Enquirer: 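Provided herewith is a single structure, encoded as structure tokens, for subsequent inquiry.
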Amino acid sequence: MSVRTAVRNRFGTVAAIALMTTAGTVLVSACGPNDTGNGPEPTAAPGTAAPGKSGGAGGSTGSTGSTGSTGGSGGAKEVNGTSAANHLTISTGTQTVVMNGTTVDFGTVVRDLAWSPDGKHAAFVNGNGDLVTANPDGSNKVVLAKNPGGETWSHPSWQHAEKSDAVSDSPGFLERFANIVFSSAKGGVLTLETVPVKGGTAPKAVTPAISDGGGPGVTQPPATGNTWSNAGGKRGEVAYANTPNGEVYIYDDYIRANTRDMGKGSQPALSPDGEQVVFVRSVNGHDHLFSKNTENQGKEKDLTPSATTDYTEPAWSPDGKTIAVRTPDGISTLPADGSAAPAPVSTFKGLPAFRP
């Protein structure tokens, strides 16, 4: 691994994440439906950045996915481009979440917020490093998993799969499941873990694999160094990045274990239908956004070929038509097909996510 890549991936360590912890003090009225929910309180999030780039304004903060100031530069008034219509939300690493054109005080530090498939619950890591769920207004917080200490948890994602009749001779074989997958860093070792949304059990490790050994000449994917998990589609596929080799993978264990290498990149995000994955890769000194078919069909596409800044931490809109990205100046959005350049929508700095 090159020195530049090693520097770039320094944010996969617990120490780097600890430096990014911020506390918010803004208190505003809550918005969003007062749904009941279950969830835990979240912690800091290790992540990876684009291979081959040492960071910078968008690279260093962009790779954590859990930090950022809530204000614009120079004390100017923030531009808030979130709304109930565009579904965009921004977690800033403080107590406040930017959404519906305002900011909502969750009463606890919120890092790496992700929304449930129905939009009624949020999952995040709190200031204690626990995995938490809550209602959209921050109420009814539930600690889904208590951090045992010595670990840094980050980037939770809702993994959802529906019951299938694909195996007709095995009734009930593919029961619907609902989990939260997240990244864990312990002693410098990065792994993926999962816990049922209903709670009640301790997190367990996720070990991506290829069933039956994958056949002659097929190498099993790395068991460690995995981070930045993101689930999508109805089959609960999980996209993630491997820090040591700078590759993006998709893990699918819906019927049998299958892991696909999508190529060089970091910070992957799966489309709502699970058919496309977007990820970050450094090109000519800037972080670009690429898309690729999840079945490795066709060529990858650079969605930001004329980038003059860094585009990181992508997130898909519920309809799959828009992608939000983080920049050094805030949040921008662009068409998912790359037909237009990213357009700034908010000067709030943090991790973008869309609420279904």
Side-chain angles (χ1 to χ4, degrees), residues 11-12 16-17 20-24 42-50 55 57-71 78 80-82 86-99 103-104 106 108-116 122-127 129 131-132 134 136 138 152-158 180-183 227-232 239-241 266-270 278-280 287 289 310-317 322-333 342 344-356:
F11 297 101
I17 297 304
M20 296 296 182
T21 303
T22 349
T43 97
T48 57
S60 59
T61 58
S63 64
T64 66
S66 58
T67 66
S69 147
T70 57
E78 298 91 345
N80 188 340
T82 68
N86 66 18
H87 302 273
L88 180 64
T89 68
I90 307 167
S91 54
T92 62
T94 69
Q95 291 190 175
T96 56
V97 175
V98 187
M99 58 188 293
T103 53
V104 179
F106 270 54
T108 184
V109 170
V110 175
R111 301 192 183 100
D112 295 357
L113 180 144
W115 295 100
S116 61
F124 56 92
V125 177
N126 68 6
L131 181 63
V132 177
T152 299
W153 294 351
S154 66
H155 217 264
S157 181
W158 297 74
I180 292 181
V181 182
F182 61 97
S183 303
T227 188
W228 204 275
S229 56
N230 181 266
Y240 65 95
S266 64
Q267 303 174 2
L270 280 168
V278 296
F279 51 88
V280 177
D287 288 338
L289 192 67
D310 293 320
Y311 297 115
T312 60
E313 304 177 12
W316 290 82
S317 64
T322 302
I323 296 173
V325 289
R326 181 170 178 164
T327 76
D329 298 318
I331 304 299
S332 293
T333 59
V345 295
S346 177
T347 57
F348 281 82
K349 298 176 182 178
L351 179 75
F354 285 96
R355 180 185 170 194

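Predicted model, so just to flag it, every value in this text is computed and none were measured.
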Enquirer: Are the side chains of T312 and Q267 in touch, meaning some heavy atoms are under 4.5 Å apart?
Expert: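 The answer is yes; the side chains approach within 4.5 Å.
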
Enquirer: Looking only at heavy atoms, what is the nearest atom pair of V109 and G127, with distance?
Expert: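 Looking at all heavy atoms of both residues, the shortest contact is CB-N, 3.7 Å.
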
Enquirer: State, to 0.1 Å, how close S229 and S157 come at their nearest heavy-atom pair, and which atoms those are.
Expert: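 Between these two residues, the closest heavy atoms are O-CB, 3.9 Å.
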
Enquirer: How many angstroms lie between NE2 in H87 and CZ in F354, if you round to the nearest 0.5 Å?
Expert: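 Between atom NE2 of H87 and atom CZ of F354 there are 9.0 Å.
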
Enquirer: Do W228 side-chain atoms and H155 backbone N/O form a donor-acceptor pair below 3.5 Å?
Expert: no

Enquirer: Show the nearest heavy-atom pair for residues E78 and F348, with the distance to one decimal.
Expert: CB-CE1, 3.1 Å

Enquirer: A315 and P352: which non-hydrogen atoms are nearest, and at how many Å?
Expert: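 Smallest interatomic distance, heavy atoms only, reads CB-O, 3.5 Å.
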
Enquirer: Taking all heavy atoms of M99 and all of V104, pick out the closest pair and write down the distance.
Expert: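 Distance-wise, the nearest heavy atoms are CG-CG2, 3.6 Å.
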
Enquirer: Looking only at heavy atoms, which two atoms of T89 and R355 are closest? And how far apart?
Expert: CG2-CB, 4.3 Å

Enquirer: Are any side-chain N or O atoms of N86 and backbone N or O atoms of G81, one a donor and one an acceptor, separated by less than 3.5 Å?
Expert: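 Judged by distance alone, yes, a pair lies under 3.5 Å.
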
Enquirer: Within the structure provided, determine whether I331 and R326 are in side-chain contact (heavy-atom separation under 4.5 Å).
Expert: yes

Enquirer: Evaluate the side-chain proximity of L113 to F106: yes if any heavy-atom separation is below 4.5 Å, no if none is.
Expert: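 In short, these two side chains touch, coming nearer than 4.5 Å.
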
Enquirer: State, yes or no, whether a side-chain contact exists between W115 and P356 at a heavy-atom distance under 4.5 Å.
Expert: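 Yes, at least one pair of side-chain atoms sits under 4.5 Å.
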
Enquirer: What residues form a side-chain contact (heavy atoms from CB on, under 4.5 Å) with A269, not counting sequence neighbours?
Expert: N230, V278, P314, W316

Enquirer: Report the C-alpha distance between T227 and Y240 in whole Å, list the side-chain angles of each, state the deciding distance to 0.1 Å, and finish with yes or no for side chain to side chain contact (heavy atoms under 4.5 Å, CB included).
Expert: CA-CA 6 Å; T227 188; Y240 65 95; over 6 Å; no

Enquirer: Applying side-chain hydrogen bond (donor to acceptor under 3.5 Å, both in side chains), name anything that partners S346, two or more places apart in sequence or on another chain.
Expert: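 side-chain hydrogen bond (donor to acceptor under 3.5 Å, both in side chains) check on S346 returns nothing, list empty.
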
Enquirer: S317: what forms a side-chain hydrogen bond (donor to acceptor under 3.5 Å, both in side chains) with it, not counting sequence neighbours?
Expert: D319

